[in-house]
Number of protein chains: 2
Amino acid sequence: MLFRYGRRVELRHLRYFATVGEVLNFTKAAQKLRVAQPALSRQIRDLEEELGVQLLERGVRATKLSEAGAVFLVEARAVLERADKAVKAVRDVALGERVEIHVGYAPSLTIELLPCALHSFHNIAPSVHVKLHDLSSEEMLRGMGEGKFSLCLVARPEKESMRGLKFELLQEYPICVGVPSDHRLAQAKSVKLAQITAEPLVAYSRTEYPEYHAMLKELFASTGSELRIAEEHDSAPSLIAAARIGRGFIIGPACLGMLAGARLKFRPLTPAPPPVQVGALFDPARLSDGVAKFLAAVRSSAGK
Amino acid sequence: MLFRYGRRVELRHLRYFATVGEVLNFTKAAQKLRVAQPALSRQIRDLEEELGVQLLERGVRATKLSEAGAVFLVEARAVLERADKAVKAVRDVALGERVEIHVGYAPSLTIELLPCALHSFHNIAPSVHVKLHDLSSEEMLRGMGEGKFSLCLVARPEKESMRGLKFELLQEYPICVGVPSDHRLAQAKSVKLAQITAEPLVAYSRTEYPEYHAMLKELFASTGSELRIAEEHDSAPSLIAAARIGRGFIIGPACLGMLAGARLKFRPLTPAPPPVQVGALFDPARLSDGVAKFLAAVRSSAGK
DNA sequence: GGCGACCATACCTGAAAAGCATCGCTATGC
DNA sequence: GCATAGCGATGCTTTTCAGGTATGGTCGCC
């Protein structure tokens, strides 16, 4: 890496470049920005130098974006927009009601809970916008740690990853086996673990859903038989798609059945292992007013 | 609005604040940033003034984040991260191969097409990352105009909104009626429009999917009967959920049936109206190498 | 060939960011 | 109770650099 004398990119550079990129004329852009044209030229040159990339092609009688420039124009606008949002967000918080709360959720586990909760929350606090983030368990824990989310609806995480967060149980789903509808096990009322150990499994990805793998390991520990995972997937739909085309069975909560449609059947395992616990994860130390209301809405939707 | 003497927020302010917010100690943060402590103090004060918000509570012996400060810390980090991404993106473009292409898609219309296309594209150009953006028709057209996306997989947009873009047809789906499985129409092989005019509909939202509403209007124009829309939704899953609980029928492409599962049946309309056309939308003027390859992959997946 | 549109260069000025020394506060230790 | 150490704020100077003015070069066009 070259040693960089250059100073850092600032929002000013991006504002200037965005304007030049739009009107494709330094003189006009300078007027629009209320600065002198040479000042603008220099800032753009500095930016190009700092990036090490030529953004504009100054042909005589016409200024054009280079290919890189076209890309950077989009990027620069996005950064500026993001920055405006940040400023607006903090001013809103300071002015009183926070208008947005960020909620992470596990889509497959909350298809029952989430719609009800959103509906009832909208009645309690119609002015608060809920921003939903569809994430893996792992991303949610990370995001909670960084303060990105105020609350997450997830399966109970493992104790050691909680780090001061609180988990409040809301719903439980029995563990089931998902099999193709035309398989003989689809007829059974329930399935014994021993009946499926011969079959490979399709599973959630280990890195993104560690608690899911802990559950599987626990489950198979007692049987003595080997846990064979044919494929790992990072979302319920693709897991279901894989099971449909016969890559393996699914072991997972009963609610997956609601996503799966007709071609898979979910049958409870016997003896029933501990059910999957779905609940709210939040930081009790910084529970703002809006988040507390959301939590109340979720509780009432779960009938607790 | 108050007149602001203050100067604008710059990335420097955010970098400084992010560091202070992390270590919660001006002196240490200043060392980390390689500036003198008073310089840092002043920048933070300027930032607070410009925002009109107190971000830090300077208790003696301990600096703490205010509530607004906690929010802004997350926001500031996000802006910085976004800015880094922008810089990295443009340098990557300049260095040769663009490593990312941005593709917008209509999730419900591309459940067949998209997985195949991604798979085949990965074989052609494994080094190119495809960033997928799940969007409404309206958002895609806007994003294409701004250059945010290189290509979109969508239903054919209305002519007047194309503005120099090209639409290439890839797949067609017949228009169907989605009814609850226990409804008598679910038994029918096909459904006449006259059979359902008594029933209300659940539909995609008008603002986000104008071409869908154009299609409905067209469809009902010939019948003389009134188009009754009970609810508008902004995504296929919530549309399907609404139909499941009996809010109304769905009129839409056959591929919705693959998302709906067992509790809804999709039956073709007779006489068959013009099918829904799914295809690729792109700007032929700036078709980079990577995007051209992606387009080829999509074509071959659609068997064209 | 003169003019006008357009951007670059050279140089100057002023604002503000950074540095340095110092102050004020308070918790802590003897 | 006094000295001390940790922390941030304040006042002042220095340095940096964004912005301004004047001007020059290039090219297309009348």
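Numbered from 1 within each chain, the chains take letters A, B, ... in sequence-line order. All figures in this text were calculated on a predicted structure; none of them were measured in a lab.
Aromatic ring pairs are classed by plane angle as parallel below 30°, tilted from 30° to 60° and perpendicular above 60°; the pair B:Phe294 and B:Phe121 is perpendicular.
In this structure, B:Arg42 places its CZ atom 14 Å from C1' of D:dT14, rounding to the nearest Å. In this structure, CG of A:Leu56 is placed 14 Å from C1' of C:dA8, rounded to the nearest angstrom. For the pair A:Glu57 CD and C:dC6 C1', the interatomic distance rounds to 16 Å; values are reported in whole Å. Rounded to an integer number of Å, the gap from CZ of B:Arg8 to P of C:dA17 is 15 Å. The nearest whole Å value for the distance from the CD atom in A:Glu49 to the P atom in C:dT9 is 11 Å. To the nearest angstrom, C1' of C:dA15 lies 12 Å from CG of B:Asp46. Summarising the geometry, the separation between CG on B:Leu40 and C1' on D:dC7 is reported as 13 Å, rounded to the nearest angstrom. Regarding A:Gln37, its CD atom lies at a distance of 12 Å from the C1' atom of D:dT21, rounded to whole Å.
Against DNA chain C, the stretch residues 11-36 of chain A makes heavy-atom approaches under 4.0 Å through A:Asn25, A:Phe26, A:Thr27.
Contact check on B:Glu10 versus A:Arg15 returns a salt bridge, with a Lys/Arg side-chain nitrogen under 4.0 Å from an Asp/Glu carboxylate oxygen. A salt bridge links A:Lys88 with A:Asp92; the closest basic N to acidic carboxylate O contact falls under 4.0 Å.
Defined by atom type and a distance below 3.5 Å, a donor-acceptor pair is missing between the side-chain atoms of B:Ser66 and B:Gln54.
Taking only side-chain nitrogens and oxygens, B:Gln43 comes nearer than 4.0 Å to OP1 or OP2 of C:dA18. Note on B:Ser41: every side-chain N or O is 4.0 Å or more away from OP1 and OP2 of D:dT10. Between B:Arg58 and D:dA9, a side-chain N or O to OP1/OP2 separation shorter than 4.0 Å is present.
With hydrogens and angles ignored, the 3.5 Å screen pairs a side-chain donor or acceptor of A:Glu139 with a backbone N or O of A:Ser136.
Applying the salt bridge (Lys or Arg N to Asp or Glu O under 4.0 Å) criterion to B:Arg163, with sequence neighbours excluded, gives no partner residue.
Taking the six-membered ring wherever Trp is involved, the centroid distance between the rings of A:His133 and A:Tyr105 does not fall below 6.0 Å.
Of the candidates C:dA18, D:dT10, C:dA10, C:dA18 carries the atom nearest the B:Ala39 side chain, counting heavy atoms from C-beta on.
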